[in-house]
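Note sheet for the following structure.
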Amino acid sequence: QVQLVESGGGLVQTGGSLRLSCVASGVTFTNYFMGWFRQAPGKEREFVGSISWNRGDTYYTDSVKGRFTISSDNAKNTVYLQMNSLKPEDTAVYYCAVRQKYSPSYAYWGQGTQVTVSS
């Protein structure tokens, strides 16, 4: 079965940095996208960014461009979300997820890791 496990969340001050990790198992990564999402209390889940597993192409939502960077270590089946210049509005539970290239949705999700940015 597919399993995704996020880690690296915590409490940081405004302007600080965190690096999240997502370790995947039971999934074929060729022609897959690994995505990062976040959800703040009382708000809708939001797409943060993604990386194509076979090519390494990255995509980001406008609010995090220039601050967040997605990378991967394919040999370790791990994707990373480096978050710099954090703002209070970045506070959320962060999730990783997997989508097949020709699928319209992300079918597999981790359980999330909490990121809290103090003002």
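For clarity, every value in this text was computed on a predicted model and none was experimentally measured.
- If you take CD on Gln114 and CD on Glu6, they are separated by 12.0 Å, rounding to the nearest 0.5 Å.
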* Asked: So Val23 and Ser25, side-chain contact (heavy atoms from CB on, under 4.5 Å) or not? Walk me through it.
  -> CA-CA 7 Å; Val23 179; Ser25 62; 6.0 Å; no
* Do Leu20 and Tyr80 pass the side-chain contact (heavy atoms from CB on, under 4.5 Å) test, and can you show the C-alpha distance, the side-chain angles, and the key distance before you say yes or no? -> CA-CA 6 Å; Leu20 306 184; Tyr80 305 96; over 6 Å; no
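- Phe68 places none of its side-chain heavy atoms less than 4.5 Å from the side chain of Thr58.
- Closest approach of Ala92 to Ala40, counting heavy atoms only: CB-N, 3.8 Å.
- Ring planes of Phe47 and Tyr106: tilted class, angle from 30 to 60°.
- The aromatic rings of Tyr95 and Trp109 sit perpendicular to each other, their planes meeting at more than 60°, with 30° as the lower class boundary.
- Annotation for Pro88 and Ser119: closest pair CG-CB, 3.7 Å, computed over non-hydrogen atoms.
- The side-chain contact (heavy atoms from CB on, under 4.5 Å) test with Met83 is passed by exactly one of Val12, Leu18, Val64: Leu18.
- Atom CD of Gln1 and atom OH of Tyr108 lie 11.0 Å apart (nearest 0.5 Å).
- Residue Gln39 qualifies as enclosed at atom CD: its count of foreign heavy atoms under 6.0 Å is above 12.
- Taking the centre and axis of the six-membered ring of Tyr32, the NZ or CZ atom of Arg99 falls outside the cone set by 45° and 6.0 Å.
- The distance from atom CD of Gln3 to atom SG of Cys22, rounded to the nearest 0.5 Å, is 11.5 Å.
- Looking only at distances, no side-chain donor or acceptor of Asn31 sits under 3.5 Å from a matching main-chain atom of Gln100.
- Contact record, Ser17 with Ser85: OG-N, 4.4 Å, taken as the closest heavy-atom pair.
- Val98 is not listed as a side-chain neighbour of Trp53, based on a closest heavy-atom distance of 4.5 Å or more.
- With rounding to the nearest 0.5 angstrom, the CG atom of Leu4 is 5.5 Å from the CE atom of Met34.
- Checked by atom type and distance alone, the side chain of Thr113 never pairs as donor or acceptor with a backbone atom of Ser7 at under 3.5 Å.
- Salt-bridge check for Lys87 with Asp90: failed, with every basic side-chain N at 4.0 Å or more from each acidic carboxylate O.
- The hydrophobic cluster containing Phe37 also contains Tyr59, counting ILVMFWY residues as joined when their side-chain heavy atoms lie under 4.5 angstrom apart, directly or transitively.
- Separating the SG atom in Cys96 from the CD1 atom in Ile51 is a distance of 12.5 Å, to the nearest 0.5 Å.
- Of all the heavy atoms in Arg67 and Ser63, the pair that sits closest is NH2-O, 3.0 Å.
- Using modelled atom types, no side-chain atom of Ser72 and backbone atom of Asn74 make a donor-acceptor pair closer than 3.5 Å.
- Rounded to the nearest 0.5 angstrom, Phe33 CZ and Asp57 CG are separated by 7.5 Å.
- Contact detail for Val2 and Val27: the closest heavy-atom pair is CG2-CB, 4.0 Å.
- When every heavy atom of Ile70 is checked against every heavy atom of Gly49, the shortest pair comes out as CD1-C, 3.3 Å.
- When side chains are defined from C-beta on, Tyr60 does not count as touching Val48, because their heavy atoms never get closer than 4.5 Å.
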